[in-house]
Every structure is written in C-alpha cells, then in structure tokens.
Undergrad: 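What follows is a single structure, and I will ask about it in a moment.
Side chains are part of it too, since the values below use all heavy atoms of this structure and drop only hydrogens, waters and symmetry mates.
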Amino acid sequence: MMPKFVPETATLLEGIPYPAMILDDTFRIVAMNRLMEAMTGYPLDRVIGIHGELVVRSNTGNSRGQNYSRVLQTEESLSVSGDIINCYRRKIPIQYTISPVKSESGVPGLLVIAEDTSARVDVSKSSMRDFASEELIGYSPKMQKVFDMIPLMAHTDASVLITGETGTGKDKIAEIIHRESDRARFPFIKINCGALPLDLLESELFGHVKGAFTGASRNKPGMFKLADRGTLFLTEIGDMPLPLQVKLLSVLDDRQFIPVGGEKSISVDVRIIAATHRPLREQVRRNAFREDLFYRLNVLHVHLPPLREREGDIRYLLDHFLEKYTQALGKTIVGFTPGVMQSLLDYPYPGNIREMSNIVEYAANICKRKKISKEHLPPYIFEKQESEILNEEPEPDAPRVEASVTNIEEKRNGETGESWGAIERQMVVDALKEHGGNRSKAADDLGWGRMKLWRKMKKYKLL
Amino acid sequence: MRKLLIPIQGDFVAPRFDLATEIFMARFENGEVVGEPKTIIMERPSDEGLCQMIVEEHITDVVCGGIEELHYNFLVWKKVKVLDGIIGGWQMALEKALSGRLQQGEILQQNSDEPLSL
C-alpha cells in the first residue's frame, strides 16, 4: 500500500498566495506564512501561541475572537472585509476569511487568510471612476451614468440586468461589476444561454450526476456550483428556453437546486448578472420570457447606450483602438485623415464597439502610410453611407427600404466575414502581381522585409 | 508628575487604539502610581476622540496596541511618549512602563509556559 501523503503545514501555508495562518482550537497561532509575517510585521517565533486577533488586530468585529468561535461552532467558512493595523502603524484594508480545518487526529482549528485589498480599495476611493485600464472608455454623459452605477452595483448582491445592443460592452461591464465586488476573489463564470440546446444548457448550468443520461459517465458540478460564492453571468438570457427559465427562477428564489438526474439538492451562494440584446419587456409581452423571472433579474438595471448615442466618445475610441492596433502591429500610424475621421464619425456602427474595433484593426493592417485614408477602410462603410443618402428621399414603400437595408447588411456581413488571413493573402498576391513577381519590390511595397514576405508566402502557400 | 494612559480591553492592552472603549489612566512618579487610577468607558470607539482626551487630560505617556501613523505622529508632536504595538496583559504592561522597562512592540507573556489568549 502506498504511504498516505500528508503535506507539512508550513509548506502548505507558503503555497497560499495571501497572508495566512493556522490557529488551534483556542485561537492561538500555530503557524503562519511569510506573507502574514510581512503584513503584520511579527515573525512567527515571536507570536507563536498568541491569540490570532492580538496579532492581526482587525476591525471585523472579532476583538474577542467572536468570528473565530462562530466558525469553529458552525464549521462554515466566514469572509468579512475590514482592515488591520500592523506593527509599522499602517492601516491595511483586508478581506478576512476564516475557515475550519482539522488536524489528522480530528482536533479542530482554523485557517485564517487576510488578503490585502489595498489595490481594490484605492480604485474605488477615487470619485471620478477611470475604467480606461479595463478598456472601458467613455466620457459621454450616458456612459458616465453607467460608470457611476458600477460601484453601486458592485456593493450589493442583488441581481443585475444589463441590456444593450450587440457590441456595447455588456460582458465587460459584468466582469467589472464582479471584479469590484466582494465576490472578486471567487469565480466569475459566464454562460451563453442562447448557444446551447435546452438539455445541454440545463446540464451545463445545474450539472448532472453519473448515469443521468447516456454519456453521463461522471458527476458534473455545473456552472451554478462552480460559481459558488462568486458571480454567474448569464449572457443572452433572452434566448433561454422557457422550461429552463422556470428552474432558474426557483434557484434564484431558494438558492438551491437539484442536478440533472440527482436527488439531493445543492445549496449555492451565487450572484446573478444577466445580459441580453433583446427587448425583454417586449418578450414578456409576447410570452417568450417569464414575467416573474424578468422581475427577479431586473432588480438593478443598466442599459448600455449604442455608440451612435454616445456623442463625443467615438473620437476617443477611434484613437484608442488605433493606438492599440498600431502598437500591436509595430506600425507608426499617427492618425486618420480629416475626411476619414468625418466618415468614421458619421458612420452609425450597428455593431457598436466591436464593429469599430474591427474597422480600425482592418485599417491599421492595410495602411502603409502615416495616416489612415479612405482606401484603408473597409469599403462597406461607404456603401452604407451612400445607401443612406439614397434612402433619405421619401420612400413610399416601407418594406422595400427594409429590404434594401437588409441587403446591405447581408453584403456587409459577407465582407466582414472574410478573415484577415484572406485579406492579407490577397495583399501579397496583388503586390507580387504588380511587381511581376519581384519579391524585393513586392516586400518593399508592403512595407515588409524580404524574409517577412517569404514567411507570409509560405504561410499562404504561395511558394 | 507624569500621567499614563492605556487603552484596554478586559485584561489586555486593547489590540487597537482606534477601537478601544475602555481607558485606563494613572498618575505616577518615580515608578509608583500616585493616587487612585481611573478607568473610563467611552461611549463609542474613536481615535480622534481619544487623541483629544489625551491632550485635554495632559497625558504624558501612552501605552497601546496598534495605532495608525497619523495618530502616533500627532501624539508625538504633542510631546506624548508613545509605546505602541504592545501585546499582552495591561497590568504587566503598566508595571513595566512604570519601571521604565517596557519597550515598543513588546509581547508580554505572563509566564513562558502560559500562552496568551483573549
């Protein structure tokens, strides 16, 4: 028989990436890792055998070890936020997590983790939120309203419903709400409710037990279980099948569920953020979405404005994406020509930020000059604008207008559907054709070295 | 004559200056307590309030647990001698402070075999 592996406490504690210590059943310090020594300012050999709270000195209502007692009695972990004052007289904000542990002989003790949350607190302290580092850029009043709501939404466990057209940044906002919340240390799990068929989605969300259906060869925990103590982000909630909406509602109400094929209910503590690009109220009216679930999710509602309503933001975003892609490509493009800038400012961006990012990426790849001009933009932008000019004339037959827009959309999708690889391959072919197969001249024209051209030709099987 | 203040919590020096509600105060001279020491219970913990009390009561010496830099500097500026970071029973801290043997950041074990607990 293989000898049982029992890790050494000190080594185990060193593996925890936060200040951590182990207390015995009278809350005396048994062991602490180097991070805890550094945070409190006390080396282990000086404080071994001392009550943990005398050394940590938190303000979490644990001055007489009340939290320690509670965890020892209930055998359930406890996580509270607060601060400590260390021996260097520094007040450090922490997330104080106390978990029950047992020695090999069954004697109970506690694992105490004090995560330094200074970075998180510093960010939330600033009154003017700057989410630019999160690639969330916006100076328009509508976006500022959204930014102002983020801290409020982060400091509650209420469900959040994020609505907005495709490409407006719903996922990003959900992630930021989670990251700013007390649940940040726990998982953020995203699931697309519109991408999976009913049975699969149910099994993904709630898990299944072994043998629940053909192919269920093992127990699967499901997203709800995986997101325990964290946040579950249900994107495209408007596309969730009706039968599953009932089950979701019951989980939200009872905070417990039964996995597919299981008998025992599982309790979870999960915060729900849902998002959709569909008009949910309208769907409720059409009986495509349960009204009770709608109200359950719509506790806090944030609507992300489409790009065309974010006056002033387009210019900032264009600059941001241009800088991002020129840096990534190692180019020295400095901006847009005035005509192009005007075209880009006038363009309605039905695909919002995602579309803008793609347009700028395309232009940055194509452009070989210092400034992006008209020929570097995807042609569909101008087609759309031209068609809009044509459509400005009174159109008696409304369905025809719709049809023409649909055609343009289809065409646009067709064009954008072309991968960058195909575009680049075509660029190589065109350059080679133009210079009669002369690689040096073609490479020169493309702004590449001969080696790069050779690599690209090999990549696209042009050799 | 000097005047000593110790924020306490039960038998211990309060782990934090800003969270203490029990305050021990005593006059002392030549290592001996003069007169009757008194214990004040504050209505609520307040670091600002405690600093104000120290100034108003003309305290010359403070023995405490964890204290923020800001308040430590304020008290030092007010010519108060502060021995902070003390862990242990307040009676022993008092004895050592009176005899001038208490050091900053000292951990006071009642006896070497008896570990501290709250």
Side-chain angles (χ1 to χ4, degrees), chain A residues 19 21-32 36-37 39-70 72 80 82-94 96 98 109-110 112 114 118 121, chain B residues 6-22 41-42 44-48 50-51 62-77 80 82-90 92-93 103-118:
Chain A
M21 63 182 179
I22 293 201
L23 310 179
D24 65 12
D25 55 350
T26 56
F27 317 134
R28 293 172 302 181
I29 296 172
V30 174
M32 66 197 319
M36 184 61 100
E37 288 181 328
M39 181 191 246
T40 57
Y42 291 106
L44 175 63
D45 54 2
R46 282 193 69 201
V47 294
I48 198 157
I50 288 180
H51 194 285
E53 195 54 37
L54 285 175
V55 175
V56 174
R57 299 181 190 132
S58 77
N59 69 340
T60 55
N62 191 35
S63 57
R64 290 173 203 276
Q66 301 95 315
N67 291 343
Y68 294 160
S69 300
R70 184 153 27 127
L72 214 55
V80 281
D83 57 53
I84 66 157
I85 293 181
N86 70 4
C87 82
Y88 310 112
R89 307 185 190 107
R90 255 191 73 212
K91 194 183 246 185
I92 305 169
I94 55 152
Y96 205 27
I98 307 159
L110 297 171
V112 176
S118 322
V121 172
Chain B
I6 311 176
I8 60 175
Q9 178 185 303
D11 294 336
F12 289 85
V13 175
R16 278 174 69 148
F17 181 84
D18 59 343
L19 299 179
T21 48
E22 289 174 67
I41 307 291
M42 288 168 75
R44 58 182 181 84
S46 162
D47 40 17
E48 303 284 337
L50 201 46
C51 282
V62 168
V63 169
C64 64
I67 181 170
E68 257 192 286
E69 184 82 36
L70 180 79
H71 301 111
Y72 175 84
N73 287 343
F74 171 78
L75 296 175
V76 170
W77 175 59
V80 178
V82 183
L83 288 173
D84 67 326
I86 307 297
I87 295 178
W90 67 263
M92 186 181 265
Q103 301 205 341
Q104 192 161 47
E106 195 164 331
I107 296 169
L108 305 160
Q109 298 274 4
Q110 307 289 345
N111 74 53
S112 55
D113 298 328
E114 188 188 336
L116 285 172
S117 60
L118 278 174

Undergrad: Quick one, Y68(A) with H51(A), criterion side chain to side chain contact (heavy atoms under 4.5 Å, CB included). Give me CA distance, side-chain angles, the key distance, then yes/no.
TA: CA-CA 11 Å; Y68(A) 294 160; H51(A) 194 285; 3.8 Å; yes
Undergrad: Using modelled atom types and a 3.5 Å cut-off, is there a donor and acceptor pairing between side-chain atoms of R57(A) and backbone atoms of R16(B)?
TA: no
Undergrad: Quick one: does N62(A)'s side chain have a donor or acceptor within less than 3.5 Å of a partner on N67(A)'s backbone?
TA: yes
Undergrad: Counting distance only, does the side-chain N/O of E48(B) pair as donor-acceptor with the main-chain N or O of S46(B) below 3.5 Å?
TA: no
Undergrad: Most heavy-atom pairs under 4.5 angstrom with chain B, which of V47(A), V55(A), D83(A), N86(A)?
TA: D83(A)
Undergrad: Under 4.5 Å from any heavy atom of chain B, what part of D24(A) do you find: side chain, backbone, both or neither?
TA: neither
Undergrad: Heavy-atom distances under 4.5 Å only: say whether Y88(A) touches chain B with side chain, backbone, both or neither.
TA: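 For Y88(A), backbone heavy atoms alone lie under 4.5 Å from chain B.
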